[in-house]
Amino acid sequence: MKIITNTNQKGGTGKTSLTLLLAYGLADTGHTVLVIDLDQQCDASYLLTRGAYNSSQTSYEVLAKEQPLRPEEVYSTIAGGLT
């Protein structure tokens with residue numbers, strides 16, 4: 001298992017685009033990919049689910065308030081091998 005992170009404090013640097021392109025590319029070559037969207041805008045989650053993402057629970061609640069991640073908050077994506 002390999003872990004790849006993409007982070008930058010500055011907005012508009014292409015973090016979401018790079019993450020999605022890398023995820024799709026790896027999934028397309030047979031890798032199983034998990035994308036964890038910690039951006040408060042949740043654009044990656046929205047794009048990966050073709051707009052089906054509509055969560056009341058954000059990563060803030062899970063990480064800062066230590067609320068358990070509910071199974072219904074894990075979304076299937078439009079690409080095989082990509083969660």
Side-chain angles (χ1 to χ4, degrees):
M1 177 175 55
K2 293 192 180 200
I3 299 172
I4 300 171
T5 61
N6 179 19
T7 181
N8 191 328
Q9 293 272 348
K10 186 177 181 321
T13 59
K15 297 179 295 291
T16 299
S17 296
L18 174 64
T19 299
L20 293 179
L21 290 170
L22 186 60
Y24 276 114
L26 289 169
D28 194 44
T29 60
H31 293 83
T32 300
V33 179
L34 171 66
V35 175
I36 301 174
D37 186 4
L38 296 178
D39 190 331
Q40 54 187 239
Q41 293 177 339
C42 300
D43 287 339
S45 297
Y46 185 81
L47 293 169
L48 285 170
T49 62
R50 287 193 180 165
Y53 174 78
N54 185 13
S55 177
S56 60
Q57 182 182 39
T58 66
S59 56
Y60 176 78
E61 281 85 20
V62 175
L63 298 173
K65 295 183 179 179
E66 299 181 2
Q67 293 180 358
L69 181 63
R70 298 185 306 257
E72 63 271 14
E73 299 295 337
V74 179
Y75 289 82
S76 297
T77 63
I78 57 176
L82 185 56
T83 303

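Each residue takes its place number in the sequence, starting with 1.
Transitive grouping of hydrophobic side chains (ILVMFWY, heavy atoms separated by less than 4.5 Å) keeps Leu47 and Leu21 in distinct clusters. Residues Leu38 and Leu34 share a single hydrophobic cluster, defined by chaining ILVMFWY side chains whose heavy atoms lie under 4.5 Å apart.
Residues Leu48 and Tyr24 have side chains in contact (heavy-atom distance under 4.5 Å, counting atoms from C-beta outward).
To the nearest 0.5 Å, the span separating OG1 on Thr5 from NZ on Lys15 amounts to 13.0 Å. The CG atom of Asp43 sits 9.5 Å away from atom OG of Ser17, with the distance rounded to the nearest 0.5 Å.
Under the rule for a side chain to side chain contact (heavy atoms under 4.5 Å, CB included), the partners of Lys10 that lie at least two apart in sequence or sit in another chain are Asn8, Thr13. Listed by chain and number, the residues in a side chain to side chain contact (heavy atoms under 4.5 Å, CB included) with Leu18 are Asn6 (sequence neighbours excluded).
Looking at Thr29, its side chain does come within 3.5 Å of a backbone N or O of Leu26 through a donor-acceptor pair.
When all heavy atoms of Val35 and Ala23 are compared, the pair lying nearest together is CG2-CB, 3.7 Å. Heavy-atom minimum distance, Asp37 versus Ala44: OD2-N, 3.4 Å.
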